[in-house]
Amino acid sequence: MSDMTFERMIRQMTPAIYESLKQAVALRKWPDGRMLTAEQTELCLEAVIRYEHENNVPEELRVGYLQQRTCGSASSGADVPPELAGLARDASRD
């Protein structure tokens, strides 16, 4: 397998390998418990991102996805759970 290139590896990656790499990046360690080096983390993350792009993984399922939120007058706060609603109290009243 000496002729394996990064691009070829991405094309041949299975969903199981993708999930394993995604978990390794999230935990910063391999399934056997060994820690990933900074270079391994970078390469795994690049492979995961490339796999997601090549395989049209839905945006909301991609690594690093953050749901678009609004703030200011455009935000109604309707989706804020009741237990968190009081966290942004007016400090000027103290």
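All residue numbers in this chain count up from 1 along the given sequence.
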Problem - Asn55 side chain to Val57 backbone, donor-acceptor under 3.5 Å - result: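 Checked: no pair found.
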Handout entry: Verify same cluster id: Leu27, Ile17 (apolar side-chain graph, 4.5 Å)
Key =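 Leu27 and Ile17: separate clusters.
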Problem - Set of side-chain hydrogen bond (donor to acceptor under 3.5 Å, both in side chains) partners for Asn56, sequence neighbours left out - result: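 In terms of side-chain hydrogen bond (donor to acceptor under 3.5 Å, both in side chains), with neighbours along the sequence ignored, Asn56 is linked to no residue.
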Handout entry: Spacing of Glu46 atom CD and Phe6 atom CZ [to the nearest 0.5 Å]
Key =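 The distance works out to 4.0 Å.
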Handout entry: Interatomic spacing from CD in Gln23 to NZ in Lys29 - rounded to 0.5 Å
Key =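 Taking CD in Gln23 and NZ in Lys29, the distance rounds to 9.0 Å.
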Name every donor-acceptor pair, under 3.5 Å, that has one atom in a side chain of residues 47-54 and the other anywhere in the protein, sequence neighbours excluded.
unit_1	atom_1	unit_2	atom_2	d
Glu52	OE1	Val63	N	3.4
Glu52	OE2	Tyr18	OH	2.7
Glu52	OE2	Val63	N	2.9

Handout entry: Contact summary for Leu36 and Cys44, nearest pair of heavy atoms
Key =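 In this case the closest contact between Leu36 and Cys44 is CD2-SG, 4.1 Å.
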Handout entry: Contacts of type side chain to side chain contact (heavy atoms under 4.5 Å, CB included), residue Pro58, not counting sequence neighbours
Key =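 In terms of side chain to side chain contact (heavy atoms under 4.5 Å, CB included), with neighbours along the sequence ignored, Pro58 is linked to Glu60, Leu61.
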Exercise for the section: Using a cut-off of 6.0 Å, state whether more than 12 heavy atoms not belonging to Glu42 lie near its atom CD. Expected result: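 No, because the 6.0 Å sphere around CD of Glu42 holds 12 heavy atoms or fewer from other groups.
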